[in-house]
2 protein chains.
Amino acid sequence: MKSGGWVEAQNSRGTVGLVPEDYIEVKTILIISFVFDLTSLYRALDEIRKLCSVYSFDEEWDDDSDDGKSTGGYGGSQVEEGGTMQRAGGHSTMKLSLNKFPGFSKTPNPEVYLLTKHIAKGDERLPIYTGEVGPVWLYPQTQLDCVVADPKKGSKMYGLKSYIEYQVTPNTTNRPVNHRYKHFDWLYERLVEKFACALPIPCLPDKQVTGRFEEEFIKMRMERLQGWMSRMCRHPVISNSEVFQLFLNYRDEKEWKLGKRRAEKDEIVGVKIFSNIDPELPELDPAQVEQKYEMYSQFTRSMDNSVKELLAVGHLHWKRCTGPLQKEYRQIGKAFQNLSSVFNTSAYPRESTLTEALTATGKTYEEIAEIVAEQPKKDLHFLMETNLEYKGLLGCFPDTITVHKAAIDKVKEADHVVVMNKISQQDKLIMEKNLSTMSYALQAEMNHFHSNRIYDYNRLMQFYLEEQVKFYETIAEKLKKTLGQYTTM
Amino acid sequence: MKSGGWVEAQNSRGTVGLVPEDYIEVKTILIISFVFDLTSLYRALDEIRKLCSVYSFDEEWDDDSDDGKSTGGYGGSQVEEGGTMQRAGGHSTMKLSLNKFPGFSKTPNPEVYLLTKHIAKGDERLPIYTGEVGPVWLYPQTQLDCVVADPKKGSKMYGLKSYIEYQVTPNTTNRPVNHRYKHFDWLYERLVEKFACALPIPCLPDKQVTGRFEEEFIKMRMERLQGWMSRMCRHPVISNSEVFQLFLNYRDEKEWKLGKRRAEKDEIVGVKIFSNIDPELPELDPAQVEQKYEMYSQFTRSMDNSVKELLAVGHLHWKRCTGPLQKEYRQIGKAFQNLSSVFNTSAYPRESTLTEALTATGKTYEEIAEIVAEQPKKDLHFLMETNLEYKGLLGCFPDTITVHKAAIDKVKEADHVVVMNKISQQDKLIMEKNLSTMSYALQAEMNHFHSNRIYDYNRLMQFYLEEQVKFYETIAEKLKKTLGQYTTM
């Protein structure tokens, strides 16, 4: 990234040409590398990271220019397609990100952990207790939360590049920190690397969302970042992690940069996270473990389908309210008003009460048309957002559960491997103990998921129904008022 | 129509062949005649009538077998097409029926009346007074009304032919009389012949309506016959006429048959009806008359368009409620219930309150689906029926007004005709006097129309809005109830 020269670059339309090295964005380089193969890409990525840190360009790499392309609402492919929530850039699901773990090709190999005789250290120790509902994480006394607000446009490189910065204020310090979308993305990457084998890390809101108005797009993104951050804050393991605390509490640019580098160098990532987990509970039999996994797998798959069904019908209903229904109520309103206008031309002396009432009725139906069209934003929006969040979350479980199933397979093979003298009987016992730990981790995580799910859907349904009641009552009230204008003859 | 021989007949598919004279229905003969020309048709009709009365076959001719083909609702061509309400059989609008008046080709020629020095006789005299709103008919002290009810299946010819008989009970005698659809049709024909030049006679409900269930069809037809009869009862001229009184009050078969023949021989038909009209008001200037006609013509045309617009949007809304909206609310209901079922499989101990509430919500939305689908029958139905009635009524005005306009043209020509010595100056003055009478008749009729219109639409709108309010309130109530099942955590 030295200045002054020219490099061959390919733009987003695929055209290749020479560009001055000074103005090239690293994003472009990423695209060039992508043409070759993924291995080169990651190698290039590392190179770039190193270069960037040397040249202090680290704000530029993997930049998100916040240029706001959003689907606005639920009309986009997110909802329609059956797959998991997609993100722009290299990784389409959490799995692809797992590829970046050193030493793993597709699914992270749990063997690295299973044979470890690791004892969790003080700060990093993740205890699991027995709660009323079974194994649970250790929850903090006060729940962490934060407010994502006040998006501000910033610019750099003499105004050539502009971006949006959000203010994130945790309830612990009440001191705001500023973050761009790419910082959230960086945090997401760290959380996936460190925790995704044990905890589903939901994707960030889509990068490539497009909206007609930049303002609307920023509002939507902020709302979704808020949702994501709140969910992360609610998680006892994530919220307590060093990288998450750094993100919320850094005091200056220097602390942020140092913290970033430290987090990027974290060794306890991938399946190694299990070595921090310390269930203070009796060891589980591998057979029990397997049965539970089947149940979790079945549950998350079923819920995923159910959530998608709700999203699909919600999407349909949204379109109906803002489309044909609004149009129809407007037409009804117009028809009554037109009838009133015709009646007005009758020259019949006893006309006015009826024509005035008819006009009022027509106007009421025009108002109803607008109420109907605005209603989805008031109630369906929150229902859709929450379910989209859950769709993202549920999309992470298969990957997480796969790691656990791979661990079971390893333990099942253990007897055979002992016979072949590749591992000792002692090693096998360690593997079984560690499998039990992994199982407790998943149970604690499932219980965390269930407790949140019940809270979220309870709140969601109450909110939705309250708004629906208001909606129907408002219309009834308006119609009652217009009814009063007719005379009883 | 002597028995024993064979006649050449053509069936409805156009096939010609010999059939035994004994079994042929006169309907078939009508179709055969139609192939030649209309003049022959009417000649044939007269022949058949005479024959039928000789052979006492009069129950068979122009039979309506009540076999129930109905569009059921507003999905049929009635609403969609722009034309006037169509009836099966020979006459598509009132105009075609006017062709049957002796001496008229297309539009009844008002000349027959304009030159008449007729003085209305006691019983037949139709006075016009000045009311608060201008010229008005003489209204009776008690308004005539009748109830059409209790449809019963009857049969004749040893059960070979079946029909539906309705019980018609006037409020004056409270004594029910029985009538088949074809009797209503006969009455309609008489009213058109006698009054259509002066009063719009709305068509009977369509003959060719088809419904999936005979019962539904009979109910719909009865309701529409009721509507038609009520409108006729409300008309001071029609309700007081001999033929209408016969229809409601005949005491036995003999009285009915004698009355029928008498009515069929009535000479005061077509434009001659104006000779019965006796406005006790100052004579009008022909120029004033013309201006009023333009206004009436304009008003009825505009209202016709407005009514059609309302019918079209009502039809759309009906289809939406019983189609996609019902389906969508069912889907929403199903989606909530499915989510509840999935949640039930979680094995998480704190599930039941939420799953029960979710199931209740799902069932509520399924109920809402049915409420939405049933609602049009409760409110839109009456709105549609009333507007269909008005569409039929408004479709008659152009024919009526055309007769009046033709009369103006005749009076305008009068000076020229006087010069040519074809009529005397005295005749011209009679023509002007008679034109004034015609104008008063139309004014009285328009005022009758306006007064009924205001009453009908006032009642209609109140009824519609009351039902709409109930609809929205019912849904709000149901949602409120299900909302109460969620716990506030």
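Throughout, a chain's letter reflects where its sequence line sits, starting with A, and its residues are numbered from 1. Worth saying up front: this structure is predicted, and the values here are computed from it rather than measured.
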- Determine the interplanar angle of the B:Tyr348 and A:His450 rings, folded into 0 to 90°, and report it as parallel if under 30°, tilted if 30 to 60°, perpendicular if over 60°.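 Ring orientation, 0 to 90° scale: tilted.
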- Task: Using the six-membered ring wherever Trp is involved, compare the ring planes of B:Tyr464 and A:Tyr365 and label them parallel, tilted or perpendicular (cut-offs 30° and 60°).
- Result: tilted
So what's closer than 4.5 Å to chain A heavy atoms on [X]: side chain, backbone, both or neither?
| X | answer |
| --- | --- |
| B:Ser302 | both |
| B:Phe471 | neither |
| B:Leu383 | side chain |
| B:Asn305 | neither |

Among [options], residue most engaged with chain B (heavy-atom pairs, under 4.5 Å):
| options | result |
| --- | --- |
| A:Met446, A:His317, A:Lys334, A:Gln331 | A:His317 |
| A:Ala347, A:Ala357, A:Pro349 | A:Pro349 |
| A:Gly484, A:Pro324, A:Gly314, A:Ser341 | A:Pro324 |

- Item | Passing candidate, side chain to side chain contact (heavy atoms under 4.5 Å, CB included) with B:Val342, options A:Gln298, A:Met303, A:Arg301, A:Glu309 | A:Met303
- Which atom of A:Ala335 lies closest to which atom of B:Ser306, heavy atoms considered: O-OG, 4.2 Å
- Query: Going by an N to O cut-off under 4.0 Å, is there a salt bridge joining A:Lys480 and B:Glu466?
  - Reply: no
- Check ion pair B:Lys319-A:Glu328 (N to O, under 4.0 angstrom):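 Salt bridge absent between B:Lys319 and A:Glu328.
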- Message: Ring centroids only, cut at 6.0 angstrom: are B:Tyr457 and A:Phe343 within range, meaning strictly under it?
- Response: yes
